[in-house]
Amino acid sequence: MQTPVFHVTGVVLAVLLIIQLSLMIGAIQAKDAVDSAEIFLNQLLENTYGTVGARDSQKILDAVTEEYPIIGSYIGVANFSGNDVTNLAESMHETMISYLNSYIWNRVWWILGMIVVACLVVMMFDKRSPTTGKPKHKASLASRKNYDDF
């Protein structure tokens, strides 16, 4: 029979894993949208020349997040000042992909960490003897069967 700590830890772990996996899946979908956003940016900036300032790069990111809202869930601020407009779409694409990759790996490490902590908590409150693997409490004599009739 499992202890209440085992069940509570399982429920808490399940909720936390659902949250982390939802964030990770969203980041994967945002990563897919970044490829389409690069095409959108190239079309948006097709006849524009010069260098980009901080305010302009934020306006461009706002246009991207308006077209692709899932990207705005993960990337909210952009500062690509000093970049040439002709290379801006490629620079933004590389930066967004890099950020989303690190975000996804952070979720993976959080998930693994939560699983390890949950296992440690369950093992800490386990009521089994470390040498025999049997429960520490002893069964009462009333529950034992007597087979001396043979």
Side-chain angles (χ1 to χ4, degrees), residues 1-139 143:
M1 183 173 158
Q2 303 298 337
T3 63
V5 173
F6 177 83
H7 295 292
V8 170
T9 304
V11 169
V12 170
L13 180 63
V15 169
L16 292 175
L17 288 179
I18 288 170
I19 292 169
Q20 292 298 320
L21 286 170
S22 297
L23 292 171
M24 188 171 74
I25 289 170
I28 291 169
Q29 289 178 341
K31 193 174 162 184
D32 291 339
V34 168
D35 295 332
S36 300
E38 183 181 17
I39 296 168
F40 172 76
L41 276 173
N42 281 326
Q43 292 172 349
L44 183 69
L45 302 172
E46 191 171 9
N47 295 324
T48 309
Y49 301 99
T51 57
V52 179
R55 189 175 297 161
D56 294 332
S57 62
Q58 186 62 43
K59 286 181 184 178
I60 292 169
L61 180 65
D62 291 342
V64 169
T65 57
E66 187 175 314
E67 187 72 24
Y68 301 96
I70 193 163
I71 294 174
S73 300
Y74 296 93
I75 301 170
V77 178
N79 186 2
F80 291 93
S81 57
N83 283 319
D84 190 50
V85 173
T86 56
N87 298 332
L88 184 64
E90 184 180 338
S91 296
M92 288 183 89
H93 178 265
E94 289 175 7
T95 303
M96 287 183 202
I97 291 292
S98 174
Y99 173 76
L100 289 170
N101 281 337
S102 66
Y103 186 87
I104 291 167
W105 278 109
N106 282 334
R107 300 289 68 87
V108 168
W109 290 119
W110 272 106
I111 288 168
L112 291 175
M114 284 185 240
I115 292 170
V116 167
V117 169
C119 289
L120 291 174
V121 167
V122 168
M123 287 188 322
M124 195 168 56
F125 289 101
D126 192 15
K127 295 193 186 273
R128 295 179 183 263
S129 171
T131 56
T132 63
K134 295 180 181 176
K136 287 183 181 178
H137 58 72
K138 297 187 179 197
S143 66

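Taken to the nearest 0.5 Å, the CD atom of E38 stands 10.5 Å off from the CG atom of L88. Note: T95 OG1 to L100 CG = 10.5 Å, rounded to the nearest 0.5 Å. From I39, atom CD1 reaches atom NE2 of H93 across 9.0 Å, with rounding to the nearest 0.5 Å. With rounding to the nearest 0.5 angstrom, the OG1 atom of T3 is 7.5 Å from the CZ atom of F6. Distance NZ/K31 to CD1/I70: 13.5 Å, rounded to 0.5 Å. Put simply, OH on Y68 and CG on D35 are 10.0 Å apart, with the number rounded to the nearest 0.5 Å.
Heavy atoms only, all atoms of each residue included: Y99 and Y74 are closest at CE2-O, 3.2 Å. When all heavy atoms of A89 and L41 are compared, the pair lying nearest together is CB-CB, 3.7 Å. Residues G82 and T51 share a closest heavy-atom pair of O-CG2, 4.3 Å. Contact between A37 and I71 at its shortest, heavy atoms only, is CB-CD1, 3.8 Å. Considering all non-hydrogen atoms of both residues, A118 and L13 come closest at CB-CD2, 3.8 Å. Scanning all heavy atoms of the two residues, the minimum distance from A63 to L44 falls at CB-CD2, 4.2 Å.
Taking 4.5 Å as the limit, some side-chain heavy atom of I19 sits within range of a side-chain heavy atom of L23. I28 has its side chain within reach of I104: a pair of non-hydrogen atoms, C-beta onward, lies under 4.5 Å apart. L61 places a side-chain heavy atom less than 4.5 Å from the side chain of M96. Side-chain atoms of I60 and M92, non-hydrogen and from C-beta on, do get closer than 4.5 Å to each other. Side-chain contact between L21 and M24: present, with at least one pair of heavy atoms (C-beta onward) separated by less than 4.5 Å.
Between the S22 side chain and the I18 main chain, a donor and an acceptor come within less than 3.5 Å of each other. Under a 3.5 Å cut-off, the side chain of S57 and the backbone N or O of F80 do form a donor-acceptor pair.
Between the side chains of Q58 and D62, a donor-acceptor pair is found at a separation under 3.5 Å.
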